[in-house]
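Naming convention: chains lettered A, B, ... in sequence-line order (proteins, then strands); numbering from 1 in each chain. Hydrogens, waters and symmetry mates are skipped; everything else that's a heavy atom, side chains included, is used.
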Number of protein chains: 4
Amino acid sequence: MSSKLIAIVAGVGAGTGAAVARKFAAAYPVVLLARNPDNFKSLAEEINSSGGKAIGISTDVSDSKSVQNAVNAIKQEFGSDVGAAVRFNIPSLETSTKSKQAAIFNASGGFTRAPFLELPEDAFTQSLAVTATGGFLFSKATLPFLLQGVKQKSQHPPSLIFTGATASLKSSAQLSSFSTGKWALRALSQSLAKEFGPQGVHVSHAIIDGVIDIPRTKEWLKDAGPDAKLSADGIANDYWYLHTQPRTNFTWELDLRPAVEKW
Amino acid sequence: MSSKLIAIVAGVGAGTGAAVARKFAAAYPVVLLARNPDNFKSLAEEINSSGGKAIGISTDVSDSKSVQNAVNAIKQEFGSDVGAAVRFNIPSLETSTKSKQAAIFNASGGFTRAPFLELPEDAFTQSLAVTATGGFLFSKATLPFLLQGVKQKSQHPPSLIFTGATASLKSSAQLSSFSTGKWALRALSQSLAKEFGPQGVHVSHAIIDGVIDIPRTKEWLKDAGPDAKLSADGIANDYWYLHTQPRTNFTWELDLRPAVEKW
Amino acid sequence: MSSKLIAIVAGVGAGTGAAVARKFAAAYPVVLLARNPDNFKSLAEEINSSGGKAIGISTDVSDSKSVQNAVNAIKQEFGSDVGAAVRFNIPSLETSTKSKQAAIFNASGGFTRAPFLELPEDAFTQSLAVTATGGFLFSKATLPFLLQGVKQKSQHPPSLIFTGATASLKSSAQLSSFSTGKWALRALSQSLAKEFGPQGVHVSHAIIDGVIDIPRTKEWLKDAGPDAKLSADGIANDYWYLHTQPRTNFTWELDLRPAVEKW
Amino acid sequence: MSSKLIAIVAGVGAGTGAAVARKFAAAYPVVLLARNPDNFKSLAEEINSSGGKAIGISTDVSDSKSVQNAVNAIKQEFGSDVGAAVRFNIPSLETSTKSKQAAIFNASGGFTRAPFLELPEDAFTQSLAVTATGGFLFSKATLPFLLQGVKQKSQHPPSLIFTGATASLKSSAQLSSFSTGKWALRALSQSLAKEFGPQGVHVSHAIIDGVIDIPRTKEWLKDAGPDAKLSADGIANDYWYLHTQPRTNFTWELDLRPAVEKW
């Protein structure tokens, strides 16, 4: 029966999403969602060629039709089955609020550091659309799979994991377009944890408090030592740990940061 | 010079917004914003006929064009002047998360208590649009007036006051459409407080933790005694207190609840 | 009947405590508590000679016998009456965690910035004794007066106000002896607010996030402009506002900081 | 070299402390601290007879001399070595704030649910002494061992883990003696995490939000189903996970609760 369980990863790219997908691919067929197929193609090939199973579906999580198409594609591929582990990731995650280099508008995510009066309306609404509405649509689309996983008595409780940031707890000057989405997403995850925990689905929120060590951040924090950035594989392990917690010991929220991080 | 200062109240209705407008009308000409003119007409007449000055402008705060029209109307009426006190209120405020009676979808606001999987996408996105995007658009439109107030050396530091709720701090099961907007609004207010405080604008966030005593809630908590609901005039006083704090002693956030409230 | 109401201020000195005592002396006879009589003598004379009434009682709030002696002295002076407003202040308040100059052990309070392994046990336990145990003993001693004030139907709900600091919310490296006491005091105030609010006593906690402008801090932040420090008289006004809130609109917690403060 | 690493568990009894000791005994010699030797004797025998190594030391963590004696005994047994994993546990943990049955004064811990004005001074100060001062003394005594572990390049970063409770975040009416200690302990752990993280020691704080399934709670929550209580072995696993996090991905705080818990 467990062959009917899948993992769904939204927001795969060259960083955390890929690390998580590789980790979970050792246990489940994985579904990779990203707007741009370039972000999942080689990863899917890599997983498929190394004994795992992965399919990629081009999806815009902020668009309900696109999300529905992804749901249909998943059902067509796997039957009306269930994702034992679902992980939500958004591109803007990779841009840490802690880095000076981050002050560039990220078209695909919604991270802008700008004086409030110069902040374009689009930057604000797009961040909300991707982070908050995207989180809502993605949760609505995948919770039925997770509840199905509960029925199938999956070995580990089905999990819905959200990725937060420093900006999920603090709302700094000039960062409102990013933090409003992140606070909304944290609220969503807490509400879902309270509603679906008693139904057997484990909803978690991880606060990433630091720069993640991925290709895009290669040049960042170079002088701060080898351990100054979060490991993407480490985050994948942390998510796996959350996924394997038993029903008696669910964690809703944990923070993650390098030992040397100032906070 | 102080005759050039105005107060802008978004979200006037029969409750808190009206109480705040009356209170601030004793000191400033007030601009009343609401989608439906029925919500400000009689209030404007009341203020104008009792020695104050009020104008109403039909405005949808979640629509940038509508907000821009309101800005233009204000400038036409008062010149390129400044709101010494601006207060942000949204209709859904009046619906407390603490009441069982609140479990009705409020088309104008975004309050829905519903199992997550039955929550319509519209309910979620409309709540975000009114609360979070509305807060953004309203802040962007009014901050230039407030900064102008700083230049004019208003007696009290120009104020931008947001109204939060219990759900700004806690995200309960089945309330995600309401709490996501409220958490986003709180994030917005904190970011603005940090950016505009040093520029002389006082940004505050009030957490209303209880049912407000307004016509709509007349039948609520009837058995809980005469003091079981928050006074709308009391909230107006609390907002006036925030507005009159000097530059040395700014409060960003306070909570407000009846003495008998359980929390 | 209202002549039977008094205000009790613990921790008067040359700063906030004195400002609060002067403010409340306009409405109530005030009782001034401090370990060293030098801290209240001239203030009591000043209040008594300007039409108010003040008595000083030498008290160590961390010593239950000393606190009981103060209670007896109050009863002897005023009968078994009631403090309408009670304000709790501790000397260490005046030492802001935000100033580099604060890195001196304050024998009377408990503020030490030191590498943890060099922190003397005394510094830690004395901070807890003064802040947490002192808060406990002071509350136990004065709550009966406050409940008596409720019975006497005082104009404003009897108030118990605690003074917190930035360190009530954040626990920085090398500041554990200060922050543990402050977190404990905040916990005490929240528990008391929940228990005694329904009984009519208003318990509040003010987070002072900045340096207070008092004689001892005269040389601090000199280059940061005239408004860079909190006004002690302003804090007295803020406490008076809290005291005058009606039963329908109680604030438990508010933060206070200069407009230019970074946070 | 790794044979020089030990684990120190304070507060062993029949519950969480024992589960943690068993778990860590698979990797390290363990030192068991409790006031009453009855609490560690059979556990030490069990560990020693099943291939592990354990010694018990009778210790009162709220008494600095007693803690120093424990340090000396550890050095005598193991040389001036290092605890790779140190876990702090206090007896009162086992008494959940969530249970009605918990309303009994626990002489060894400091848990009392009582109207504030009936709370004995001893109950308050003893809770602070065991929880806050005990946490301080225990940390001071063991951090040198942990720093020594960093020098010895232990496989996993040396860890100092504190056990919190629901009352570490919320301070309920009539529970101030418990919550003040718990808030103080949380403040201590955050300060230590910030100071010692950069030095390579991993300081964590776990919020246990529910009743732990131990002999003493056998009769509690019987009707709530088999998963209504936290598993003590599960907590031991969670602590082991924290201990094995790499330097790049440190968690300071996580919450733990049964899936069915209301929160």
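Closest of all the heavy-atom pairs between D:Leu192 and D:Phe162 is CD1-CZ, 3.9 Å.
Residues A:Leu254 and A:Leu242 meet the side-chain proximity criterion, which asks for heavy atoms closer than 4.5 Å. Residues A:Val9 and A:Val31 form no side-chain contact, since every pair of their non-hydrogen atoms from C-beta on lies 4.5 Å or further apart.
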Going through the checks in order, is the side-chain contact (heavy atoms from CB on, under 4.5 Å) test met by D:Ile212 and D:Ile235? CA-CA 9 Å; D:Ile212 305 173; D:Ile235 294 175; 3.8 Å; yes
Given side-chain contact (heavy atoms from CB on, under 4.5 Å), test A:Val150 with A:Val201 step by step and report yes or no. CA-CA 7 Å; A:Val150 177; A:Val201 176; 3.9 Å; yes
Would D:Ile6 and D:Val30 count as a side-chain contact (heavy atoms from CB on, under 4.5 Å) here? Give the steps. CA-CA 6 Å; D:Ile6 57 171; D:Val30 293; over 6 Å; no
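With chain D as the partner, the residue from A:Ala193, A:Pro246, A:Gly197 showing the most heavy-atom pairs under 4.5 Å is A:Gly197.
Applying the side chain to side chain contact (heavy atoms under 4.5 Å, CB included) criterion to D:Ala224, with sequence neighbours excluded, gives D:Leu221, D:Ala228.
Looking at D:Ile207, neither its backbone nor its side chain comes within 4.5 Å of chain A, counting heavy atoms on both sides.
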Pull every donor-acceptor pair under 3.5 angstrom between chain D and chain A and give the atom names with distances.
residue  : atom : partner  : partner atom : Å
D:Asp227 : OD2  : A:Arg247 : NE           : 2.7
D:Ser231 : N    : A:Asn249 : OD1          : 3.1
D:Ser231 : O    : A:Asn249 : ND2          : 3.3
D:Asp238 : OD1  : A:Tyr241 : OH           : 2.4
D:Asp238 : OD1  : A:Gln245 : NE2          : 3.2
D:Asp238 : OD2  : A:Asn249 : ND2          : 3.2
D:Tyr241 : OH   : A:Asp238 : OD1          : 2.5
D:Gln245 : NE2  : A:Asp238 : OD1          : 3.3
D:Arg247 : O    : A:Ala259 : N            : 2.8
D:Arg247 : NE   : A:Asp227 : OD2          : 2.6
D:Asn249 : OD1  : A:Ser231 : N            : 3.1
D:Asn249 : ND2  : A:Ser231 : O            : 3.3
D:Asn249 : ND2  : A:Asp238 : OD2          : 3.2
D:Phe250 : N    : A:Arg257 : O            : 2.7
D:Phe250 : O    : A:Arg257 : N            : 2.9
D:Thr251 : OG1  : A:Asp255 : O            : 2.8
D:Trp252 : N    : A:Asp255 : OD1          : 2.9
D:Glu253 : N    : A:Asp255 : OD1          : 3.0
D:Asp255 : O    : A:Thr251 : OG1          : 2.8
D:Asp255 : OD1  : A:Trp252 : N            : 2.9
D:Asp255 : OD1  : A:Glu253 : N            : 3.0
D:Arg257 : N    : A:Phe250 : O            : 2.9
D:Arg257 : O    : A:Phe250 : N            : 2.8
D:Ala259 : N    : A:Arg247 : O            : 2.8

